[in-house]
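The next block holds one structure in the form of structure tokens; read it before the comments.
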Amino acid sequence: MKIRKHAAILLAWLPFAAAAQTPACSCPDVLEQTVDKVTRIYAGYFDKVNDRTRPRYERLLDSLRRQAPRAKQPAACNALLQTYQNFFRDRHVKVYFTQRADRSQVRRLPITETRLKANLQNPAYRADLAEGIWTTGDGNNRFLITKDPKKPGTLVAVWLSGNYRNWQPGTVMAELKTNEEVVYNVTVFNDDASSYQLPLRLTENGLVFKGFSWKREYPQAFTAAQRQQLKERAPVRLRPVNDDFVYLRLSAFNQSEVDELDGLIKANADLINRTPNLILDLRGNGGGDASPSFTMMELLYDQPMPIPTDSYRASAEMMAQAQTYDTVLANRLKTNPGGLVPYSPFPLLTLDKISISPKRVAILMDKGCASSTEFLLYLTRYSRKTTLFGTNSMGVMDYGQQKDFRLNCPDFTLSIPVTRSGWVDTEPIDNVGFKPHVRIPAGTKDWVPFVVNHWKTKPVPTAQR
């Protein structure tokens, strides 16, 4: 059961109709659609456009409206929309632009299957776990993944054969950004030169994104050492640090990762119950489509936790959507069309019992923590066993539950948050973030030993923060 639901931002690919703008894609029209939807639907609009800021906002609109007729190409129009979007200083207000690449910029690399296999069979070659020969999920296209010879920290997927008519063998069909884990930020190029982005997670079954996957053809199986690397680099993982500390890692707040973490907690209940200290590593967790589960909260809970009341913007779009899943909310929205309507189905988090262990929980946080992760950080202020270590979070949670809206022009998708968090009137965090209780000095390479050493002489906290 989830405490609170947050919508995920999906970087969706929308095919380009043409390089130049069609009538539906005229920049003045796209700009006016964007302004209309933000004005009517955005839950933060009244906070962002107020008596103090309205003159600056109106000057900006006048300037953009004068420039829009001259923005004949989609990229030029996108630049105007980004300027409008940036006024709100809210990362949940976002215009997504599907950009067609210049076909002359599509790369080809002289990398062959034979060369790749020779590299992977060379004991001295330090291969990335994703390197190998792959097929698309439908089996229609074969490609290899190897290190980009021109971009350190990047892998390339090079097309070998299949049904992409505009490609030749050696065409770069994707770029994969590597990190310390086995989740790759991927830019996929289509054979019409358009592109889209998505995260892919490497598992023993392939590179996976929700229901979509690429299958590895060679090598056919991971070695024991590679399986251990997969385990050590997994975005969700649990391991003992020593007799007094257990380490938990959660790098994304998508439902799949939250479910996986719940499974790890339950499978390792005996270890957690006999270990006094827990380190929950949330660094780089930018949120997702889920919220903290009760299984997760049982580790942190020692008294009831008030949940802030969200206010929903009562737009026609929100009323229609709420009617399909929450008639109580839909009826409340109808009482104040265009305004903000407070609604909280779960005003208080109360659990049946307080876990004896862990006695203390250290949460590792940094500038990469945002959205749903910051909601969890908010709840921890009511836990006397929890201490936040690290740096400020990103500050992207004052307005949430963003919804995607396709504009008349398929080149653009608009994402808008429809709820206003209850803490905005007293403690807004956008562009500031939550502060840690213990700030970890810049340059500290390993934060886990820092926490262990910090708590060596510190008593278990007893006072509410």
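The pair Asp302-Arg384 counts as a salt bridge, with a side-chain nitrogen and a carboxylate oxygen less than 4.0 angstrom apart. Comment: Lys150 does not engage Asp148 in a salt bridge, judged by the lack of any side-chain N to carboxylate O separation of less than 4.0 angstrom. Salt bridge absent: Asp270 and Arg274 never bring a charged side-chain N and a carboxylate O closer than 4.0 Å. A salt bridge links Glu181 with Arg237: at least one charged nitrogen is closer than 4.0 Å to a carboxylate oxygen. A salt bridge links Arg65 to Glu32: one of the charged nitrogens lies within less than 4.0 Å of a carboxylate oxygen.
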Next on the checklist: With side-chain contact (heavy atoms from CB on, under 4.5 Å) as the criterion, how do Leu282 and Met365 come out once you've worked through the C-alpha distance, each side chain's angles and the decisive distance to 0.1 Å?
Outcome noted: CA-CA 6 Å; Leu282 299 176; Met365 57 183 282; 5.6 Å; no
Checklist entry - Taking it one step at a time, do Cys77 and Cys25 satisfy disulfide bond (SG atoms under 2.5 Å apart)? => result CA-CA 9 Å; Cys77 188; Cys25 288; over 6 Å; no
Checklist entry - Given Leu81 and Leu31, is the side-chain contact (heavy atoms from CB on, under 4.5 Å) satisfied, shown in steps? => result CA-CA 7 Å; Leu81 298 177; Leu31 175 62; 4.0 Å; yes
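Interatomic distance, Gln85 CD to Leu80 CG, rounded to the nearest 0.5 Å: 12.5 Å. Remark: Arg249 CZ to Leu280 CG distance equals 9.5 Å, nearest 0.5 Å. In this structure, the separation between OG1 on Thr373 and CZ on Phe434 is 11.5 Å, given to the nearest 0.5 Å.
In summary, the side chains of Thr327 and Gln323 do not present any donor paired with an acceptor at a separation below 3.5 Å, with no hydrogens or angles considered.
Taking the six-membered ring for Trp and the full ring otherwise, the centers of Phe88 and Tyr84 sit less than 6.0 Å from each other. Taking the six-membered ring where the residue is Trp, the centroids of Phe412 and Tyr96 are separated by 6.0 Å or more.
The cationic atom of Arg239 (NZ for Lys, CZ for Arg) lies less than 6.0 Å from the six-membered ring centre of Tyr247 and within 45° of the ring axis. Annotation: cation-pi pair Arg216/Phe222 present, NZ/CZ under 6.0 Å from the ring centroid and within 45° of its normal.
Of the residues Thr309, Asp398, Asp47, the one that meets the side chain to side chain donor-acceptor pair (under 3.5 Å) test with Arg420 is Asp47.
Using a 4.5 Å cut-off on side-chain heavy atoms (C-beta onward), Val438 and Leu388 make no contact. Contact of the Phe389 side chain with the Thr387 side chain is registered, since non-hydrogen atoms from C-beta on lie closer than 4.5 Å.
Below 30°, between 30° and 60°, or above 60°: for Tyr378 and Tyr382 the angle between ring planes is above 60°, a perpendicular geometry.
Ser315 contributes a side-chain N or O that, together with a main-chain N or O of Met318, makes up a donor-acceptor pair within less than 3.5 Å.
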